[in-house]
Structures are given as structure tokens and as C-alpha cells.
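Presented below is the structure to which this report refers.
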Amino acid sequence: MKNLKDYFLYAMCIIAIAFSAGSFVKVYASKTPAATASSAAGQPVDLTYATDKALPSVVTVRVVTNSRTQTVEMEDPFSDFFDPFGFFGRGQGGTQRRQVQTPKRQGSGSGVIISADGYIVTNNHVVDGADEITVILTDNREYNARIIGTDANTDLALIKVEAKELPAIAIGDSQKLKVGEWVIAIGNPFSIGTTVTAGIVSAKARSMSSGASVTSVQSFIQTDAAINRGNSGGALVNVNGELVGINSMLYSETGSYSGYGFAIPTTIMNKVVDDLKKYGAVQRALIGIQGSDLSSYVDRLKQEGRDVPEFGTVNGIYVAKVDEDGAGAAAGLKEGDIITAIDNQSLTKMAELQEYLAKKQPGDKVTITYLRNKSKKTAQVTLKNAQGGTAVVKPADMDVLGAQFRPVTDEERKQLEIGYGLKVTKVNKGAIKNAGINEGFVIMSANDTPMRSVNDLQDAVKTASTSRDPVLYIKGVYPTGRKGYFAIQLETE
């Protein structure tokens with residue numbers, strides 16, 4: 001019996017030691033980020049570590065758009081009867097010009113602190129047209145912000161506050177995300193306060209259109225983490241607390257969350273931020289083609305009742321159009337080619353090509369693999385900017401025009417029978433003088449955009465100077481009433 005008791009005590013000691021060791025491992029592991037970022041198959045993931053790490057970096061972005069005076073044309077069914085000769089400002093087609101005061105508007109979105117010295121990323125549509133921008137941190141500190149640069153093609157904007165030692169988020173690699181991986185969305189939906197929602201990556205390289213030019217970047221991370229109005233510009237974060245996307249939009253027939261949200265991947269964000277800091281505009285590298293996913297192209301042919309070529313099991317991008325002066329044309333690409341890879345990276349969707357090119361600069365060289373009549377070919381392509389070159393494109397300022405402007409007065413509107421316009425009050429050396437425009441000329445539109453304020457002209461100049469055609473097409477009227485049309489070449493570096 002004595003021996004049996006000894007064996008029993010010995011066994012109990014072994015069991016106690018095993019339990020103690022297991023508890024130690026469990027306690028130690030619970031304090032390790034890697035343990036909270038992953039779990040055994042079929043077990044729930046603890047997202048508290050990621051939330052604690054990322055939450056202080058997400059801010060509320062409040063914007064104010066001041067009241068403005070605008071001239072609008074309104075239908076006036078009695079104008080022909082009471083004012084047949086237009087003495088009282090009647091417009092063409094029985095319309096009456098009236099001045100209206102737009103209300104002061106306020107809105108809010110979200111943003112993400114990406115550097116301790118005050119750089120913040122948000123959506124372009126959050127700050128577009130804003131006169132005042134206020135950033136509010138989770139600890140209720142408030143700062144006035146200024147816009148460093150915006151990019152409508154990716155719906156990203158970079159703003160800055162004057163502060164130091166801000167809680168900047170760690171930036172992760174969105175390319176490493178896997179479909180089915182857990183993510184959290186952090187933002188300020190409906191202005192109720194900073195909110196965290198969780199979901200999985202539902203898809204990658206998602207485009208919201210079946211076909212597009214590569215000038216418009218659509219390569220979203222799709223997630224079922226709830227995203228609502230106000231989440232725009234907020235953070236999509238992986239389980240390690242790293243930023244992997246900027247929440248941009250939701251898919252909904254009601255305007256509220258109904259299943260899926262979409263975020264701009266950090267692979268695109270990083271390039272946009274760097275370019276906006278250095279140049280004030282994104283240096284977009286283009287192949288110069290338009291096309292769509294091959295599967296979408298085949299579906300469209302079937303719907304139209306047209307013959308469908310035999311493509312076999314090929315996946316890729318169908319080239320529907322090649323710009324004559326683009327990089328693709330110079331490398332020999334033609335309509336009907338099927339692009340299957342870029343730099344040995346397989347492509348099945350246009351969005352994948354867009355995301356890859358979004359990281360490149362004009363002048364960079366890439367190798368395109370494509371099929372033509374079922375024959376495999378390769379071509380080296382030197383990427384070009386939107387203007388067909390490889391030089392840095394910087395947005396031009398109003399100074400390039402070499403002139404001064406002001407909105408037309410009420411008297412000038414009546415005299416010239418116009419509803420709005422900018423009068424050239426002084427001409428110095430610059431693009432206005434080179435085009436032959438003199439003092440007194442009234443600019444009605446620039447690139448088909450009505451000119452109601454000097455800000456309208458400034459926006460038109462910046463947009464045109466970074467476009468494929470850096471020309472400002474001016475329509476206006478002379479003091480005598482004669483109409484004038486000019487094409488102003490905007491010099492870019």
C-alpha cells in the first residue's frame with residue numbers, strides 16, 4: 001500500500017505541475033498581441049487589441065461651407081406677357097434670372113492620423129468645397145486643418161493640423177489581406193461619436209463598374225463591417241491594429257448600411273499621400289487603354305446577342321480601346337488584345353491592373369503579358385502621365401494667368417444680359433495676355449464650368465493643368481456684347 005500511495009502522490013504532483021504550466025502559458029499568451037490577432041480554427045478572434053491600438057488615431061472631420069450668392073435661371077410663364085422685350089432681365093426661353101443665397105452648410109466625416117506631426121488622410125468628398133475644416137480627436141482636442149491636396153480619382157484627401165506627438169496609426173500592407181480575414185471599421189457614423197464595427201474582408205480589388213479607363217482608380221477592399229454615412233474617411237484596420245484601408249463608400253439601395261462597405265487600400269493611399277506632399281498633385285502613371293474584365297466583356301456580348309469569340313479558359317483584361325498617343329500604343333498594344341499579367345503578376349480584373357499602376361510613376365517601365373489571336377506576347381511599356389509625357393505634373397495656380405478678376409456687378413449683368421461671370425480687371429504678363437484677352441472681357445465659363453466666383457476659376461485652372469489636355473477653354477463676352485472664345489495653354493513643369 002505504501003508504494004501505491006507514493007505512486008498516487010507522484011501522479012497528483014505531475015497533474016498539478018501540468019495545470020500550473022498551462023495556466024502560465026495561457027496568462028502569458030493573453031498578453032501577447034499575436035495571440036489576440038489570431039485564434040485556433042473555428043474560434044472567435046479577440047479584436048480588443050486592434051481596437052485599443054487604432055482607436056486614438058481616428059478623428060472626426062467637421063466641415064463648413066459658407067453661404068454664397070448665386071444667380072439662377074427660373075421658369076417664368078408670365079414673362080412674355082409682362083416683359084415681351086426683356087427689359088427687366090428676362091432670359092432666353094421664358095426664364096427669369098434671380099439671385100439666391102445658398103444656406104451655410106455643415107457636415108462631418110472621419111479621418112486617420114498617419115503621422116505624429118499632423119498629417120491626416122480622409123476622403124476627397126468629405127472636404128470638397130469646404131471653407132472651414134475642424135479635426136476632433138478622441139480625447140476631444142480640436143484643431144483647425146488645411147488642405148494639402150486632394151485627388152478625386154481615388155477619392156482621397158490629405159489635410160494637416162499644426163500639432164505634434166499625435167497618435168499616428170501604424171500602416172499595414174493591404175496586399176497581404178486575405179478574403180475572409182477579420183477587420184474592423186472605425187469612424188463617426190451619423191455624428192454619434194467614434195464607433196467600431198467588425199466584419200471580414202468580403203472581396204479584394206472590387207470595382208463598382210464593369211469597365212473603365214485606368215485613369216479612374218477603382219480597386220476597393222469590400223467588407224461586411226458596417227459602414228454608414230459619416231464613416232467616410234475612417235479607418236479599416238486588421239487584427240494587428242494596422243491601417244489597411246480608408247473607408248470610402250457603402251453599397252445600399254436605401255442610403256444606410258445594408259451589407260457591404262468599400263475601402264481604398266493602403267497600397268493606393270501611400271502613393272497618393274507621397275505625391276500630394278511632394279508635388280501637390282498625384283503623378284498618375286498610365287498605359288493609355290480602356291477595357292474591362294474579360295468575363296464582363298463576354299457577358300455583354302451575350303446580352304447583346306452578338307457572336308462570342310472562343311477564349312477558352314483564359315482570364316484577363318479585354319482591351320477595348322488604345323489611345324493613339326498613349327504608352328500602350330507605343331508598345332504595340334491593339335484593340336482586342338487580352339492582358340493576362342503585368343511584371344509576371346497575373347491579372348483577372350481591371351481593378352487589379354489599376355491598383356498595380358497606382359503605385360507607379362510616369363517614366364517607370366513595366367512588362368505586359370498579353371494574348372493576341374491566342375498567341376502569347378510580351379511588351380515593355382514606358383508609363384506616361386495624363387498629358388502624354390513622363391515629366392512631373394504640378395497643378396498651376398492663378399498666377400499663371402497673369403491677370404486679376406472680380407465677379408460682375410448687378411449693373412453689368414443687366415447691361416450684358418448675363419446671369420454671372422468674372423470680369424478681367426487687369427492684365428499683366430501671362431497666359432491671359434498671350435491668348436489675346438484684354439481688360440473688360442467677362443469670362444462666362446471655363447472648360448464648360450460656369451464662372452460665378454474667383455474660386456471657380458482657380459479650381460478650373462488647377463484641374464486643367466493636371467489633365468490630359470492642359471488647356472483652359474474660355475467662353476465669354478466683350479463689353480460691347482460680342483461673344484469671345486479662347487483656348488489658353490497652361491504651361492506645366
Side-chain angles (χ1 to χ4, degrees), residues 65-66 68-73 91-92 95 97 99-100 102 124-125 127-131 147 149-153 157 215-216 279-282 284 385-388 393-410 412-493:
T65 302
N66 294 328
R68 290 182 173 85
T69 301
Q70 293 184 354
T71 301
V72 299
E73 293 187 349
Q92 295 180 348
T95 58
R97 297 189 185 93
Q99 281 190 307
V100 297
T102 62
N124 174 66
H125 74 262
V127 299
D128 186 32
D131 295 305
I147 295 176
T150 61
D151 182 51
N153 282 316
T215 56
S216 175
Y279 313 113
V282 177
R284 189 149 284 116
N385 59 32
Q387 299 172 0
V393 177
K394 293 185 179 181
D397 203 86
M398 288 280 287
D399 293 343
V400 73
L401 299 180
Q404 296 180 13
F405 313 88
R406 65 162 173 79
V408 291
T409 63
D410 291 341
E412 289 166 339
R413 279 196 295 267
K414 291 178 181 179
Q415 179 182 349
L416 297 173
E417 296 185 347
I418 58 177
Y420 52 82
L422 293 179
K423 185 173 183 178
V424 181
T425 59
K426 188 176 182 180
V427 177
N428 300 314
K429 291 183 179 180
I432 288 287
K433 184 176 182 179
N434 295 340
I437 299 177
N438 300 318
E439 293 180 14
F441 183 77
V442 176
I443 301 174
M444 296 286 296
S445 68
N447 290 354
D448 296 326
T449 300
M451 294 292 106
R452 293 185 170 90
S453 69
V454 176
N455 285 338
D456 291 336
L457 182 57
Q458 182 171 339
D459 291 342
V461 170
K462 288 184 176 181
T463 300
S465 64
T466 57
S467 68
R468 181 176 181 81
D469 185 19
V471 178
L472 204 62
Y473 294 97
I474 296 290
K475 296 179 183 179
V477 60
Y478 289 95
T480 59
R482 181 169 62 90
K483 294 181 179 179
Y485 305 89
F486 299 91
I488 299 177
Q489 185 71 40
L490 300 175
E491 296 182 1
T492 56
E493 298 181 11

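The closest donor-acceptor contact from the side chain of Asp456 to the backbone of Arg452 lies under 3.5 Å. Checked by atom type and distance alone, the side chain of Asp131 pairs as donor or acceptor with a backbone atom of Asn66 at under 3.5 Å. Formation of a donor-acceptor pair under 3.5 Å by the Ser465 side chain with backbone atoms of Lys462 is found in this model.
In this structure, Val461 and Gln458 have side chains that are not in contact, with every pair of non-hydrogen atoms separated by 4.5 Å or more. With contacts defined as side-chain heavy-atom distances shorter than 4.5 Å, the pair Tyr420/Pro450 qualifies. The closest side-chain heavy-atom distance from Ile474 to Tyr485 is not below 4.5 Å.
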Go through Arg482 and Val477 one step at a time and tell me if the side-chain contact (heavy atoms from CB on, under 4.5 Å) criterion holds. CA-CA 6 Å; Arg482 181 169 62 90; Val477 60; 6.0 Å; no
Please step through side-chain contact (heavy atoms from CB on, under 4.5 Å) for the pair Met398 and Phe405, ending with a clear verdict. CA-CA 10 Å; Met398 288 280 287; Phe405 313 88; 3.8 Å; yes
Would Ile437 and Val424 count as a side-chain contact (heavy atoms from CB on, under 4.5 Å) here? Give the steps. CA-CA 8 Å; Ile437 299 177; Val424 181; 4.2 Å; yes
Can Leu457 and Leu472 be said to form a side-chain contact (heavy atoms from CB on, under 4.5 Å), step by step? CA-CA 10 Å; Leu457 182 57; Leu472 204 62; 4.1 Å; yes
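Residues Gln387 and Val393 come closest through the heavy atom pair NE2-CG1, 3.8 Å. For Ile488 against Ala431, the heavy-atom pair with the smallest separation is CG2-CB, 3.4 Å. Closest non-hydrogen pair, Ala386 versus Ser467, comes out as CB-C, 4.1 Å. The shortest heavy-atom contact between Ala281 and Pro395 is CB-CD, 3.6 Å. Among all heavy-atom pairs drawn from Thr150 and Ala157, the shortest one is CG2-CB, 3.8 Å.
For Asp151, the side-chain contact (heavy atoms from CB on, under 4.5 Å) criterion is met by Asn153, Thr154, Val272, Val282, Arg284, not counting sequence neighbours. Taking Pro479 as the reference, nothing meets the side-chain contact (heavy atoms from CB on, under 4.5 Å) condition, with sequence neighbours excluded. Thr425 is linked by a side-chain contact (heavy atoms from CB on, under 4.5 Å) to Gln404, Arg406, counting only residues two or more places apart in sequence or in another chain.
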Would you list the atom pairs, donor with acceptor, under 3.5 Å between side chains in residues 438-448 and any protein atom, with sequence neighbours excluded?
residue, atom, partner, partner atom, Å
Asn447, OD1, Tyr473, N, 2.7
Asn447, ND2, Val471, O, 3.3

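Pairs passing the salt bridge (charged side-chain N to carboxylate O under 4.0 Å, His left out) check and including a residue from residues 422-433, sequence neighbours excluded, read Glu412-Lys423.
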